[in-house]
Structure formats: C-alpha cells, structure tokens
Amino acid sequence: MTSAEQWNWVLLAYGFAYVVLVLFVVSIGVRISRVRARLGDGS
Amino acid sequence: MGFFSQARLITSRDLVRERRSGEVLWVTLPFGAIALLLVPMAIGTDAPLLEQVGTGLFWAIVMLFGVLISIRQTTGETQAQRDQLALTGIDAAAIYVGRATASFVLLVIFEVVLGLVTIVLYDVPVSGWWLVPILITIVAAGLSLLGTLAASIVSTGRNAAALVPLLVAPLSIPLLIGATQALEVLDLGGSSLAWVLMMIVSTLVLAVAGVLSARPLQEI
Amino acid sequence: MTDPTPTSTSTTWPWIVMAVAGLVTFVASMTVSPDAVQGQLSRIMYVHVPSAWLAYLAFIVTMAASAMYLWKRDLKWDRRAAASAEIGVVFTGMALGLGMIWAKPTWGVWWTWDARLTLTSIMFFIYLGYLALRRTTDDLDVRARRAAILGVLAVVQVPLVHFSVEWWRTLHQPATLLRPEGPEMATSMLVTLLIAVMAFTVMYVAMMFKRIELARLEDAVLIAEQASDGAVAGAAVTTPTIGRGTA
Amino acid sequence: MGPTTQRGIRTLPPVISDEPLIHLASVSVRAGATHILRDLDLDVRAGEALGVHGANGAGKTTLLRLAATLIRPSSGSGTVLGASLNSESRYDVRHRIGYVGHVPGLYPELTLRENLEFTADAHSIDHTAVASALDMVGLGAASDRQADRCSHGMQRRAEFARVLMTTPAVLLLDEPHSALDADAVDLVDAIVERTTASGGAAVLVSHDRERVSRVADRFVEISAGGVA
C-alpha cells in the first residue's frame, strides 16, 4: 500500500472524527440556545 | 404470609395463566423453532457447517427469544391488574422472585425443546452430555432474572415491550459466551469449570440486583 | 430536591477549550514520525485510542453518577449521568468507526473481533439502551430512578461482560488491536498518544460542562412547566354544545 | 345490616381511631404540565361514607387512586389509615384498602374463583370464604368460568365479592353502580354499610347522586382540581 493510499485512510479517519465531534458539539450549542429561548432569558 | 410463600403464590399464578393462555408453549416456542429452521435456508445446508454452527446458534436463539418469555406478563399487565396486585400488599421483592421463577420454569422447557430441535436439524454432537443440563439451568435462571428485572425497570414506560430486549441482550453476553465456550472447550479437552463459575457469578449478581431494586422500582 | 434555577449566563470557555484540544491532537498526531511497520496508518491510533479510552471513562462516570443519584436522590447527579452517557455514546461510536477505518487497510477487514473493540461495541448498545430508557417518561424523578438502576445494573454486569469477551478472544486471537504487541512503540509516538489522550480527556470535561448546562436547562423547562399553576386538567372539559338546551 | 358472620368471612376488627382514616392536606397531583388535583383538602372519618361527584376529567379517579396509596402526591401531604402517602409505610396498610375501579382488575385467564383465591392467599384468608363471597354476590354458579368469558357486570360483581372477602377498612368505589343490573345495585349499598358499620370509611365516586345519597352521609364535588 503506497504512502499516498495510507494518507487517504488517515484523512478519512480524521475527517470522520472531525465531523462526528463538530456535529455533536454544535448540536449541544443549538439545543442550549433553543432551550434558553424557551426559558425566556436568552444567553 | 412468608416471603417465599408470597413468591410461590405469584409463580403459581403466572404458570396457571401461562397454561391457560399457552403463549409461551404455542407461540414463542414454535417461533424459536422456526428461527432454527430458517437459518440453514439462509446459510446453506451442508452438514459440516451446520454441525459447527448449531450449538452457538441454539444459544443465540435462546438469548434472543428467551427474553420474550420473561417479559410476557409484565408488559402485558393492565393498570387495573397492577393496582389490585399492589393492594394485596405482597412485598415487591417477592413479586420479583415469583415472576422470575415462573419465567425460569418456562425457559427451561423452552431450552429443552429447542435443544432437541437443534440436535435434529443440525446433527450437533453434544460432547458434554452431563454439562448441558447444568448450562440450561444457569442460562434459564440468569435470563429470567435479567428479563424480569429489565421489565420492572421499564415497567409502564413508553414502548416498554420493545425496549426490554434491547436492555437485556448486551447484559446477557456473559451467559451466551459462557454457555457456548463451556461446551466448545470440552472438545479441545479443556475444563469448562471457569466458564460455568463465571455464569453462576453473573446469575447471582443479577439475583441480588433484582431483589435489591424491587422496592425502589415499586415507587414508579 | 431539584436544583436552584440554572446560571443565566452561558459560559463560553468550554467551546474554546474543545477547539484547542482538537487542534492540539491534530497537530501532534500529524507531525510525529510515522510508525516503521504501519507507516502513515499509525496516525489513526492517535484518535482511535483516546476515543476508546473516553468511551470507558464516560461509562464509568455515568455509572458512578447513577449510584450517587440513588444514594443522594439529588437530580444534579442524574443530569451528570445523562450528560456523560450522551458524550459516551458519541465517543464509543467514534471509537468503533475509527477502529474499522484503521482495520480495513491494516487487516483487510472492517471488523476484527478484537476483544477491546468487541467490548466497546457492547457498551455502545448498553448506552443506547440507557438513553432509550431515559425517553420512556417525562417525570424527572421516575426517569432518574430508572436510569440510575439500569446504570448500576450495567456497572455490575460489565466486568463480567469484559471477562467473558477477554477470555473468549484470547482463546482465539492473542494480539489485541489497541495495544499492538509489536516492537515497543517509539517514544515519540508514545508521547503523542499521551498528548492525544490528555487532550481528549480535557475535551470531554469541557463537553460535560456544556452538556450538563443543557441538561439543567431542559430540567428547568420541565420543572417550570410543571410548577406553574398550569390549567387544571378538568378545566379543558366544558359542557357539550349539542344535547340539552341547545336544540 | 350489621357485619354478618358468613361461614369463613371474618368480621372486621373495629377501627377505633378518632383521627380521620383518610386525611388529605392541600394535595396536588400533576401529570406533566397540567394539574389533575390541586391543593385538595379532604377528611373521611371512621364510620363515614362519602359521595364524590364532578365533571368528567375532574380528577375523581385520581383522587381514589391517591387515597388507595397507588399514586404519590406531587405536593402536599396525606395519610391513609395513619400511613403517610409519601413514605414507605403506605405499603403496610395497602392490604386493608379495597378499591374497585371502573375497569375490572381480574386476570382474564383465571376463573372468577381462582382470581379470588389468589387474593385470599395473599391476605391469608381461608378459601372457604371465596365460595361464600361469590354466593353472596350471586356468582356461585359462575365461579368456574374464566374472567374473560364473563360479562363486564359479572366481573364487577366478582370484584365486589373480593371486597366482601377481604373486608377492607377503607373502601374506594369508582362508579360502583354502573354495569350492575337492578338486583345487583343494592349490593353496593350493602357493602358500603358493612364497611362503615364496622368502623371503616367508604368513598363512592359516582354520577348517580340519587343512588349514592341512599348510603352516603356526606357529598363533595371535585372541580378545578379541588373540593368545591
């Protein structure tokens, strides 16, 4: 397996990790602001 | 009325209800047998493969369908029946032990019949004849204790009946691996004592957890 | 026993800490020299191992918080258990995904029945069961008690699951994926791995802060709804418009 | 109609207590966001039969299940037979509470006799009491019929037979007259009088004020989550 192919897999792994983490963190942020709006005291 | 007579009362009620409704013996049991029948149709019917896969498949089906047996009456209980049972003042732990015992009896029957079906369909060479009854008993005990506990944890929650198998499956893995490996290691000449002990510990842990959480769960 | 009203201001430092931790891991793992045997693929280890470690840590925190709730009956423990469970599911899922992405080029198969990876997948399903159980009711105390009892039940059974999986796999496949038995890891790689593990742990703590804040807000909404002298249920029933006196 | 000493049916030990058997102090019960009961105060003394009426959804059934210790108050406090509704002690008085809801709580696969025998065993009552209780409610001939093969009215009579057998100190009836035919309806009054005569308390939730007034000493109306 050439080094280039290996890099593909590494980037796939990091891309996957990045997407999962960002989606999760953003979802926490979105849910927080939405609940705060409902509670009436916007952050 | 002592703890064990209360538990026996619940067990006999459950077993009489089962004998009348026949849900386990005429519905769940045939369903398990069908599963054993379908698999060779899916993975091919060459004897050596089936012979190798048979035991493991049997235990997997016992785990997956066994849990349906131990939740059948808890999730099907109406509010009125639950109220009247509560007003009898029977101790929650006795109800738990009673229900688990009833499920245990039905599970042993379930395993024995499916075991015969497996031997016939998969021509499984059962090396440790003396070991099989022990495994059947421990698995039946562990699964009924776990299933009854999971059912009382979920009790009246939303989609309770569907959720219990999801809770039980991952936690029944020590029983599943223990049972399959205990038999397999006999073929390799090893001792299955360690596996059996591990299964017994798992079952005892479940029994203690079930009894201890019976009262707090009653509050829900 | 419910919590006083949540802090009104929303702390922002956790977001920054998460971003920095992520960056540190990325930079460290990209700059270290590749493994002699595995080449560039070894870099995947620097995200896979920390996520698997976080899956374990989050699981332990969830179970400990569950036990604390049963003891103290204070909802803040329930919120910590729930927050850690949700974060735990994400890291467990990530560990599994990364394990597969690493296994395919290295062993040619997506799923190696490696003991630790198998255990991580089992924990993933226990987490899903835990989160599904939390959705079975809106009553705060009932939800907390059910989740706590499942939490304690899981922590009691997981060592046995761990045992059985370990024995089962060592019977069939001695080397494990997470701790490659190969030649001792180069110190530079070991250092990078440690940095990554610490960065992930810091990221987990920051996430916990925000997720607990979210849990507190969600509970506050439920409590506000319930405490308010909302309409009495019976009030919704009025005399039917057809029938006597309306013909 | 004083407490009869039918074969096997024990008479209730007189409940000697001046403080109310059922005592609710500003009790609220919530379901999610809405209040079913709110700041409800109610006392039922020994020997008293209380009629309760109110519009649909006013919380009458919730009140009964609360008094039966089957649900806990979301706020406020109360005691039934001296046991606090918020503490574990409420489990110890449950076997002295009789509750007949508007939905029968029998096991469909078991016969009427088996259903009552289960309750008898739980209360450590001799099985002879089962047969005489079923005779008293006119189900003697049907006692070996499975519950799900009996009509709704028969199942309610079986539930009244159960109450006759266990002789509860607190009797809670939800729409007792509904689904009962003409000659069974007097059964309800007989059972209530039996309980109150022996020092117990009874609460009857019903829309049929005329029937209830023949046996109830007092009436309350539930509206807006409390006693009107």
Side-chain angles (χ1 to χ4, degrees), chain B residues 1-27 72-99 102 106 155-158 212-220, chain D residues 61 64-72 80-81 83 85-111 113-125 146-149 155-156 158-159 162-163 165-166 168 170-172 174:
Chain B
M1 199 174 177
F3 178 90
F4 286 106
S5 43
Q6 281 181 338
R8 203 173 43 248
L9 178 63
I10 298 287
T11 306
S12 55
R13 174 204 66 172
D14 278 5
L15 290 179
V16 169
R17 287 187 67 190
E18 170 49 36
R19 188 155 39 85
R20 294 276 169 70
S21 70
E23 183 186 305
V24 168
L25 300 183
W26 300 109
V27 176
R72 74 207 175 292
Q73 278 178 352
T74 330
T75 46
E77 225 177 6
T78 65
Q79 179 71 55
Q81 286 165 346
R82 241 193 314 277
D83 288 350
Q84 292 305 329
L85 180 61
L87 290 182
T88 57
I90 295 179
D91 176 13
I95 294 176
Y96 170 74
V97 168
R99 281 213 173 113
L106 295 172
S155 69
T156 56
R158 277 191 286 269
L212 288 183
S213 54
R215 258 235 161 151
L217 283 173
Q218 185 184 27
E219 301 271 323
I220 298 161
Chain D
T61 301
L64 282 187
R65 296 193 68 230
L66 183 73
T69 74
L70 295 171
I71 38 178
R72 280 169 62 164
V80 172
L81 293 168
L85 288 185
N86 290 315
S87 79
E88 299 250 330
S89 61
R90 72 181 191 278
Y91 299 126
D92 311 330
V93 297
R94 281 188 165 175
H95 64 283
R96 299 182 58 213
I97 296 172
Y99 169 57
V100 180
H102 48 269
V103 174
L106 303 172
Y107 294 112
E109 303 90 352
L110 303 184
T111 66
R113 180 202 309 276
E114 284 164 344
N115 268 289
L116 262 69
E117 278 172 355
F118 173 73
T119 307
D121 290 338
H123 286 83
S124 328
I125 296 171
Q146 281 188 339
D148 57 6
R149 292 203 179 82
Q155 291 188 40
R156 282 185 77 81
E159 295 225 293
R162 178 183 1 221
V163 163
M165 186 175 67
T166 51
V170 164
L171 180 63
L172 307 164
D174 199 344

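Throughout, a chain's letter reflects where its sequence line sits, starting with A, and its residues are numbered from 1. These values consider heavy atoms only, across backbone and side chains, with no hydrogens, waters or symmetry-generated copies.
In terms of heavy-atom pairs under 4.5 angstrom with chain D, the leader among E77(B), R20(B), E18(B), R19(B) is R20(B).
Y91(D) contributes atom OH, which lies 4.0 Å from atom CD of Q218(B) (distance to the nearest 0.5 angstrom).
The contact list for residues 4-17 of chain B toward chain D, using heavy atoms and a distance under 4.5 Å, reads L9(B), I10(B), R13(B), V16(B), R17(B) by residue number. Contacts of residues 84-92 of chain B with chain D at a heavy-atom distance below 4.5 Å involve Q84(B), L85(B), A86(B), L87(B), T88(B), G89(B), I90(B), listed in sequence order.
Only the backbone of L106(D) comes within contact range of chain B, with at least one heavy atom under 4.5 Å from a heavy atom of that chain. Both the backbone and the side chain of L110(D) have a heavy atom closer than 4.5 Å to some heavy atom of chain B. Heavy atoms of Q146(D) lying under 4.5 Å from chain B belong exclusively to its side chain.
Partners of E23(B) by salt bridge (Lys or Arg N to Asp or Glu O under 4.0 Å), not counting sequence neighbours: none found. In this view, S213(B) and L149(B), L217(B), I149(C) satisfy the side chain to side chain contact (heavy atoms under 4.5 Å, CB included) rule, not counting sequence neighbours.
When all heavy atoms of A80(B) and P104(D) are compared, the pair lying nearest together is CB-O, 3.7 Å.
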